[in-house]
Amino acid sequence: ELLVLALRACRRVVVCASGGVNLDRFMRALVGEIPDSLRVACISDSGRLGITRKGWVQVRRLTEATDGIELQHVLNVLLRGGLDLVVSQQCGHSDAAAVIDALAGASRGVVVSLWGINTAHALSRLAALGTASGGAVQGLALSLAHAVDLVVRLNSGVSLESMQVIEIVEPNTRADGTIEYRPLFQAVRRDDGSTAFCSQPNASDFLRRLADQGVEVPQRLLSL
């Protein structure tokens, strides 16, 4: 429910995965929750992510011999045209700069997936993909932490499920220039071996802020 709210409100979401999980499958499911009415550009290797949605723009990352225009120029034109969401499936060097521009405000919202061990590693990887200078990675990662609303971390499950949302985290930049990662929801293994997805103390604060910003948050979530 939280992720659906974030998508419909055009928030900035990073999905990171480690282990042997099917990241593309999760992204296809996530894209399926985006309303048809939004202006969306989907970037993937094959250019088929979101292919069934009328009015969306599908962008192929891997070039072919017939391609006459570079990916970066295509993405720049799309961003100038105005987008509600930029979706990048397994973000790479070729589209990282445009994704970072979108996170900085070039589009209303962003959903980007990439491989990362945890939230901090995922943001550092995205920063490294988007810059040619190694010395700029730390500063750019700090900027990304300030821009990103949510990080969704996937891995094999706590009860050996093939794929599970392990945690949903809100990055926050402190005044001293460090990054705090606030867990909102986490998967835990109960004593009886079952899996529970539990809200954390920071979740209610995040949801109240969403409501204050005009997002229609169900009362059930506000009472967590």
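Note that the numbering runs from 1 along the sequence shown for the chain. Because the structure is a prediction, the values reported are computed rather than measured.
- D149 is linked by a salt bridge (charged side-chain N to carboxylate O under 4.0 Å, His left out) to R12, counting only residues two or more places apart in sequence or in another chain.
- Residue F185 is not grouped with residue I166 when hydrophobic side chains (ILVMFWY) are merged at heavy-atom distances under 4.5 angstrom, including chains of intermediate members.
- Contacts of Y181 classified as ring pair (Phe, Tyr, Trp, His ring centres under 6.0 Å), with partners at least two apart in sequence or in another chain: none.
- Taking the side-chain contact (heavy atoms from CB on, under 4.5 Å) definition, one finds that V188 meets it with A196, C198, sequence neighbours left out.
- Other residues, nucleotides and ligands place more than 12 heavy atoms under 6.0 Å from the CD atom of Q213.
- Looking at residues two or more places apart in sequence or on another chain, you find no salt bridge (charged side-chain N to carboxylate O under 4.0 Å, His left out) involving R174.
- I117 CD1: 12 or fewer foreign heavy atoms inside a 6.0 Å radius.
- Every residue meeting the salt bridge (charged side-chain N to carboxylate O under 4.0 Å, His left out) condition with R182, not counting sequence neighbours, appears here in chain and number order: E170, E180.
- T63 pairs by the side-chain contact (heavy atoms from CB on, under 4.5 Å) definition with D67, not counting sequence neighbours.
- Residue pairs that meet the ring pair (Phe, Tyr, Trp, His ring centres under 6.0 Å) test with at least one member in residues 71-117, sequence neighbours left out, do not exist here.
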* Passes side-chain contact (heavy atoms from CB on, under 4.5 Å), R11 versus V215? Steps please. -> CA-CA 11 Å; R11 297 293 162 167; V215 179; 3.6 Å; yes

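- For the atom pair OG of S18 and CG of N155, the computed distance is 3.5 Å after rounding to the nearest 0.5 Å.
- The shortest heavy-atom contact between L150 and V148 is O-CG1, 3.3 Å.
- Under a 3.5 Å cut-off, the side chain of S159 and the backbone N or O of G193 do form a donor-acceptor pair.
- Hydrophobic clustering (side-chain heavy atoms under 4.5 Å, transitive across Ile, Leu, Val, Met, Phe, Trp, Tyr) keeps V112 apart from V13.
- The closest donor-acceptor contact from the side chain of D95 to the backbone of G92 lies under 3.5 Å.
- By the rule that hydrophobic residues join a cluster once side-chain heavy atoms approach within less than 4.5 Å of another member, L23 and V87 end up as members of one cluster.
- The CZ atom of R60 sits 10.0 Å away from the CG atom of L71 when rounded to the nearest 0.5 Å.
- Taking CG of L85 as the start and OG of S88 as the end, the distance is 12.5 Å to the nearest 0.5 Å.
- Applying the side-chain contact (heavy atoms from CB on, under 4.5 Å) criterion to S194, with sequence neighbours excluded, gives R190, D192.
- Across M163 and N22, no two heavy atoms sit closer than the pair SD-O, 3.5 Å.
- Shown here are the salt bridge (charged side-chain N to carboxylate O under 4.0 Å, His left out) partners of D36, two or more places apart in sequence or in another chain: R53.
- Nearest heavy atom pair, residue R108 against residue A9, reads NH2-O, 4.1 Å.
- No single ILVMFWY cluster, assembled from side-chain heavy atoms under 4.5 Å apart, contains both V110 and L2.
- Interatomic distance, L221 CG to S204 OG, rounded to the nearest 0.5 Å: 11.0 Å.
- Between L3 and F26 the shortest heavy-atom distance is CD1-CZ, 4.3 Å.
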For residues 75-83, which side-chain N or O atoms pair as donor and acceptor with protein atoms under 3.5 Å away, sequence neighbours left out?
residue : atom : partner : partner atom : Å
N76     : OD1  : Q72     : NE2          : 3.1
N76     : ND2  : Q72     : O            : 3.3

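- V169 and M27 are assigned to two separate hydrophobic clusters, defined by single-linkage of ILVMFWY side chains at heavy-atom distances under 4.5 Å.
- Remark: D24 does not engage R28 in a salt bridge, criterion side-chain N to carboxylate O under 4.0 Å.
- Residues meeting the side-chain contact (heavy atoms from CB on, under 4.5 Å) test with A127, sequence neighbours left out: V137, L140, A141, L144.
- The two residues L114 and L126 make their nearest non-hydrogen contact at CD1-N, 3.7 Å.
- Heavy atoms only, all atoms of each residue included: V21 and S162 are closest at CG1-O, 3.7 Å.
- Residue L160 holds its CG atom at 6.5 Å from CZ of R189, rounded to the nearest 0.5 Å.
- The main-chain N or O of R220 is found under 3.5 Å from a side-chain atom of S223 such that the two form a donor-acceptor pair.
- We find the NE2-CG distance between H146 and N172 to be 9.0 Å, quoted to the nearest 0.5 Å.
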Scan the side chains in residues 39-50 for donor-acceptor partners under 3.5 Å anywhere in the protein, sequence neighbours excluded, and list what turns up.
residue : atom : partner : partner atom : Å
R39     : NE   : D84     : OD2          : 3.3
R39     : NH2  : D84     : OD1          : 3.2
S44     : OG   : G47     : N            : 3.1
S44     : OG   : R48     : N            : 3.3
S44     : OG   : L49     : N            : 3.4
D45     : OD1  : R61     : NH1          : 2.5
S46     : OG   : R48     : N            : 3.3

